[in-house]
Amino acid sequence: MYQFIDGKLVSQSVKDRIRDEVSELKAQGKEITLAVIIVGDDPASRVYVNNKKKACEYVGFRSLEYALPAETTQEELISLINELNDREDVNGILCQLPVPKHIDDKAVIAAISVEKDVDAFSSYNVGKIMIGDYDFLPCTPAGVMEMLSYYNIDVDGKNCVVIGRSNIVGKPMSMLLLHKNGTVTITHSRTKNLADITKEADILVAAVGRAKFVTADMVKDGAVVIDVGMNRDENGKLCGDVDFNSVAEKCSYITPVPGGVGPMTIAMLMQNTLKAYHIQDNQ
Ligand code: NAP
């Protein structure tokens with residue numbers, strides 16, 4: 001019998017912890033601000049930005065939203081980022097990705113000051129994650145680690161397989177599992193005999209971006225399965241990378257979609273914003 005890993009529950013506990021600390025800071029007249037930039041009108045990005053704003057309200061941060069038209073030039077976007085970098089009342093900055101095609105997302109990420117890079121996407125912060133000495137958590141992978149810890153799932157010595165090697169999820173996920181002494185295999189679209197590898201996983205993390213990609217024959221009995229995917233199925237319904245109905249009964253623990261990794265990502269963003277405030281407050 002599998003157990004759900006409840007991302008709503010765990011994210012609530014993280015946000016409540018942050019809210020308590022923020023209310024103490026507010027009582028001392030301090031304010032914490034996250035600036036969120038969205039360029040264009042991608043509906044999925046709009047939903048993510050609204051969820052981030054709601055989370056800011058919940059924990060007690062001030063959120064500033066900059067909704068720019070799709071025709072915004074790279075220069076205009078970077079000029080706004082520079083302005084926010086210079087503002088002492090702004091602690092964290094994030095630009096919702098993807099940006100329209102005429103804008104180079106690497107240039108945008110590089111423009112955000114490393115002390116305000118609450119998504120931890122800059123080369124500097126990614127490098128810090130690599131060496132295991134970091135201020136900002138990579139939000140989605142850190143959310144996964146928080147869930148594992150909440151359910152007392154030990155990573156030490158376990159075979160961990162990550163499907164996907166993106167800079168946002170797969171690679172940092174692998175690093176965090178490695179830092180916890182997992183024996184980590186990273187797989188991707190060129191991996192041969194994927195199912196043979198995934199079947200060895202005690203902890204399997206799917207970050208592929210393909211609906212119901214992981215099927216029961218790819219999963220070991222008793223595995224912990226973490227589904228990062230956010231896809232639409234043939235009926236337009238939100239679903240993960242894991243074929244939940246067939247896989248769940250083989251697992252010891254499994255995350256649902258929705259209600260699994262998604263809420264955790266936002267909670268970790270709140271944690272990074274609080275961290276950004278502390279870093280800037282100590283300078
Ligand atoms: P991505 O940049 O598209 O990366 C997908 C990865 O999957 C790539 O490394 C790709 O390999 C690999 N892949 C594709 N087809 C494969 C196959 N047939 N076999 C094995 N590997 C394969 O996506 P991402 O940004 O990492 O996101 C992955 C999923 O997580 C998406 O559904 C996304 O929406 C979701 N997501 C959710 C959250 C959340 O908060 N829950 C946050 C971020 C992302 P190659 O490198 O070889 O192309």
Side-chain angles (χ1 to χ4, degrees), residues 5-8 10-11 14-15 36 42-52 54-55 94-99 101 105-106 109 118-121 126 129 136-148 160-177 184-201 204-215 217-219 225-234 236-244 254-272:
I5 298 183
D6 184 345
K8 283 193 191 149
V10 186
S11 67
V14 173
K15 285 189 291 183
V36 180
D42 176 53
S45 294
R46 188 70 259 166
V47 171
Y48 296 143
V49 166
N50 285 344
N51 288 341
K52 288 167 188 176
K54 273 191 216 150
L94 78 80
C95 180
Q96 185 66 44
L97 299 179
V99 283
K101 285 197 172 55
D105 55 5
K106 289 195 193 72
I109 290 167
V118 286
D119 264 333
F121 288 165
V126 170
I129 291 161
F136 296 127
L137 305 158
C139 296
T140 301
V144 172
M145 299 310 286
E146 188 78 26
M147 290 197 290
L148 294 176
C160 304
V161 176
V162 179
I163 318 178
R165 56 173 165 180
S166 70
N167 290 332
I168 292 174
V169 189
K171 283 184 206 162
M173 184 73 251
S174 308
M175 281 303 126
L176 298 196
L177 290 164
V184 183
T185 307
I186 307 173
T187 64
H188 46 79
S189 67
R190 309 289 282 273
T191 298
K192 303 242 186 319
N193 305 322
L194 180 65
D196 289 344
I197 299 168
T198 57
K199 266 191 294 195
E200 295 298 316
L204 178 62
V205 182
V208 194
R210 288 180 169 216
K212 303 178 189 176
F213 176 82
V214 176
T215 45
D217 57 312
M218 296 169 73
V219 177
V225 174
I226 307 289
D227 190 350
V228 179
M230 293 225 270
N231 314 296
R232 297 276 162 193
D233 70 9
E234 55 286 0
K237 204 171 149 232
L238 189 63
C239 73
D241 288 344
V242 175
D243 180 23
F244 188 91
I254 185 165
T255 60
V257 177
V261 177
M264 291 307 301
T265 299
I266 295 182
M268 301 328 275
L269 174 70
M270 298 298 110
Q271 191 154 306
N272 280 348

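All ligand and atom numbering here is 1-based and tracks the order in the structure. By convention here, the first residue in the shown sequence is residue 1.
- The side chain to side chain donor-acceptor pair (under 3.5 Å) check on Asp119 picks up nothing, with sequence neighbours excluded.
- Distance check: Cys160 SG to Ile186 CD1 gives 11.0 Å after rounding to the nearest 0.5 Å.
- In this structure, Asn231 contributes its side chain and Gly240 its backbone to a donor-acceptor pair below 3.5 Å.
- The distance from atom CD1 of Ile226 to atom CE of Met147, rounded to the nearest 0.5 Å, is 5.0 Å.
- Looking at residues two or more places apart in sequence or on another chain, you find no salt bridge (Lys or Arg N to Asp or Glu O under 4.0 Å) involving Arg232.
- Scanning for side chain to side chain contact (heavy atoms under 4.5 Å, CB included) contacts around Lys199 gives Asp196, with sequence neighbours left out.
- Contact residues of ligand 1 (protein heavy atom closer than 4.0 angstrom to a ligand atom; sorted by chain and number): Thr140, Ile163, Gly164, Arg165, Ser166, Val169, His188, Ser189, Leu194, Ala207, Val208, Gly209, Arg210, Phe213, Val228, Gly229, Met230, Asn231, Val261, Gly262, Thr265.
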